[in-house]
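Data block below; observations after.
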Amino acid sequence: MMMTRSVFGLDPDNPGWIRGWAVLREAPWDLQGMHPTEEAARLACEQLQGYVVKYGARKLGSNDFIAE
């Protein structure tokens, strides 16, 4: 079952962070990128072996990511 969250953009509670759907690999760590929708993230993820899609926040200018 796919979740449908539409919040993408600056995180009003955490200046300098954005919220969205991330495509990432947990080991070794690699944050491929952020996407505005789960569907867009899943399409990007299909091209990458060993990556997953998670919703959360990314610190701008870094690879720091906090999943929700």
Side-chain angles (χ1 to χ4, degrees):
M1 175 188 221
M2 289 176 53
M3 297 173 11
T4 55
R5 298 183 190 181
S6 60
V7 178
F8 179 76
L10 295 177
D11 184 342
D13 297 325
N14 298 300
W17 290 72
I18 58 169
R19 290 191 170 277
W21 292 95
V23 174
L24 58 92
R25 181 183 60 209
E26 294 181 354
W29 177 254
D30 182 39
L31 180 59
Q32 180 273 336
M34 296 291 285
H35 301 270
T37 65
E38 181 180 15
E39 293 78 14
R42 291 205 180 278
L43 284 173
C45 191
E46 287 177 1
Q47 307 302 315
L48 301 168
Q49 187 173 11
Y51 285 73
V52 296
V53 172
K54 293 189 178 187
Y55 183 81
R58 175 185 188 177
K59 185 174 182 181
L60 293 171
S62 78
N63 281 336
D64 294 347
F65 179 78
I66 299 171
E68 289 188 10

* To do: Give a yes or no on whether a salt bridge exists between Arg42 and Glu38, defined as a side-chain N under 4.0 angstrom from a carboxylate O.
  => yes

Residues 8-16, side-chain donor-acceptor partners within the protein, below 3.5 Å, at least two apart:
from  : atom 1 : to    : atom 2 : distance (Å)
Asp11 : OD1    : Asp13 : N      : 2.9
Asp11 : OD2    : Asn14 : ND2    : 3.0
Asp11 : OD2    : Arg19 : NE     : 3.2
Asp11 : OD2    : Arg19 : NH2    : 3.2

Looking at [X] and [Y], what are the two nearest heavy atoms and their distance?
X: Cys45; Y: Val53; result: CB-CG2, 3.7 Å
X: Arg25; Y: Pro28; result: NE-O, 2.7 Å
X: Thr37; Y: Trp21; result: C-CD1, 3.2 Å
X: Ala22; Y: Met34; result: CB-SD, 3.6 Å
X: Gly33; Y: Arg58; result: CA-NH1, 4.3 Å

* Asked: Under the 3.5 angstrom rule, does the side chain of Trp29 hit a backbone N or O of Leu24 as a donor-acceptor pair?
  -> no

* Asked: Mind checking what makes side chain to side chain donor-acceptor pair (under 3.5 Å) contact with Asp64, not counting sequence neighbours?
  -> none

* Output all residues satisfying side chain to side chain donor-acceptor pair (under 3.5 Å) with Glu26, sequence neighbours left out; order by chain, then residue number. => Lys54

* Asked: When rounded to the nearest 0.5 angstrom, what is the spacing between CG in Asp30 and CZ in Phe65?
  -> 12.5 Å

* Give me the other members of the hydrophobic cluster that Trp17 sits in, counting Ile, Leu, Val, Met, Phe, Trp and Tyr linked by side-chain heavy atoms under 4.5 Å, directly or via other members. => Ile66

